[in-house]
2 protein chains.
Amino acid sequence: MACDASVLAEVKMCSGNYVMAVNDTMNVISGKWKLPIIGSLLYGKKRFKELERDIEKITPRMLSKELKDLEMNSIVSRTVHNTIPVTVEYELTESGQRFKAVLDVMVEWGIEHRRNVKSEIMGVKL
Amino acid sequence: MACDASVLAEVKMCSGNYVMAVNDTMNVISGKWKLPIIGSLLYGKKRFKELERDIEKITPRMLSKELKDLEMNSIVSRTVHNTIPVTVEYELTESGQRFKAVLDVMVEWGIEHRRNVKSEIMGVKL
DNA sequence: TATACCGGTATACTTTAGTATAGTAGTTAC
DNA sequence: GTAACTACTATACTAAAGTATACCGGTATA
């Protein structure tokens, strides 16, 4: 029987890999600013200052730090163009773009969940 | 045009809801222990001490705190049975169980990502 | 020469998250 | 009566995450 993470009964057998994969994913979204950065880059490549302007209230220190994390984890690529002055472009890698699938499911669940909780509070059976 | 979170072009229109839904989901998994707890409860209802034993190194303080958070967010339900002594059972709500879909996509992405990064490091084109 | 843009870094601080350790009230078994 | 189980809570602490503020070297513009 192959290790298929989508089958609950098999999780026990493959729990090491399952947990490892979830942790990998969690690392990508850990911290206050990673999702805003990824979200911003979903619209296309951006320069440092563009990101700084796009993402409200982020400080250059945090932007720099989070971009480094994302680059290390191969979510974002950094390209230096030797224009004068130098320009630096940040872009989602293929993995980074595929991450949108995770976001989509999170959104789906979030919307459903909110619907459920609301109807529960209002005592309504949908 | 309806607000469909899965279509990137529409995100701008509906970005408020999109962001809100992602935040809802993030709240569920924020913190070191929420996923271990949810993971443990995927196998069925558990009592406090069972969870404490299942989840390595968690302290009762954190377990209690995280369970309260999860209960407040309608991910987990708490039932007191008036046996002697009282037993308390924690169980995933419907929303909590549906959350497995999010975990599955996270696992899928995590595995794919790891494959990509590894082949990149080894200079292999799959 | 002064001002502003670029892509950041340095230092010091606050705030939040998590840990360690002990203790609670009630019940049961020896 | 004493030890052990249940489901927790309280207090005090440490560690991690994030913020505020200022600054860097380089270039271009007025």
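Naming convention: chains lettered A, B, ... in sequence-line order (proteins, then strands); numbering from 1 in each chain.
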Between [X] and [Y], does at least one N-O distance fall below 4.0 Å, as a salt bridge requires?
{"X": "B/E52", "Y": "B/K49", "result": "yes"}
{"X": "B/R98", "Y": "A/E112", "result": "yes"}
{"X": "A/E89", "Y": "A/R47", "result": "no"}

Original post:
Taking B/K65 for the side chain and B/R61 for the main chain, is one N or O donor matched with an acceptor at less than 3.5 Å?
Top reply: no
Is there a donor N/O on one and an acceptor N/O on the other, under 3.5 Å, for the side chain of A/R61 and the base of D/dT21?
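Between D/dT21 and A/R61, which were checked side chain against base, a qualifying N/O pair under 3.5 Å is absent.
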Under 4.0 angstrom between A/K57 side-chain N/O and D/dA20 OP1 or OP2 =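 For A/K57, the contact criterion (side-chain N or O under 4.0 Å from OP1 or OP2 of D/dA20) is not met.
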Should A/T59 be listed as having a side-chain N or O under 4.0 Å from OP1 or OP2 of D/dA20?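 Checking D/dA20 against A/T59, no side-chain N or O comes under 4.0 Å of OP1 or OP2.
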Separation of atom [atom1] in [X] from atom [atom2] in [N], rounded to whole Å:
{"X": "A/W33", "N": "D/dT19", "atom1": "CH2", "atom2": "C1'", "value": "10 Å"}
{"X": "A/H81", "N": "C/dG7", "atom1": "NE2", "atom2": "P", "value": "10 Å"}
{"X": "A/K49", "N": "D/dG26", "atom1": "NZ", "atom2": "P", "value": "18 Å"}
{"X": "A/K32", "N": "C/dT16", "atom1": "NZ", "atom2": "P", "value": "9 Å"}
{"X": "A/L63", "N": "C/dC6", "atom1": "CG", "atom2": "P", "value": "13 Å"}
{"X": "A/E66", "N": "D/dA17", "atom1": "CD", "atom2": "C1'", "value": "9 Å"}
{"X": "A/L35", "N": "D/dA17", "atom1": "CG", "atom2": "C1'", "value": "16 Å"}

Which of the following nucleotides, [options], is nearest to the side chain of [X]?
{"X": "A/I84", "options": "C/dG7, D/dA28, C/dG18", "answer": "D/dA28"}
{"X": "B/M62", "options": "D/dT9, C/dT9, C/dG18", "answer": "C/dG18"}
{"X": "A/V88", "options": "C/dC6, C/dG7, D/dT19", "answer": "C/dG7"}

*asked:* Taking the nucleotide of DNA chain C with the nearest heavy atom to each, does A/R53 or A/K68 sit closer to the 5' end?
replied: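 Comparing both residues, the 5'-ward one is A/R53.
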Note to self: Return whichever of B/K65 or A/K65 has its heavy-atom-nearest nucleotide of DNA chain C closer to the 5' end.
What the structure shows: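 In this pair, the answer is A/K65.
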| message | If you count every heavy atom of other residues, nucleotides or ligands that lies below 6.0 Å from B/E94 atom CD, does the total exceed 12? | response | no
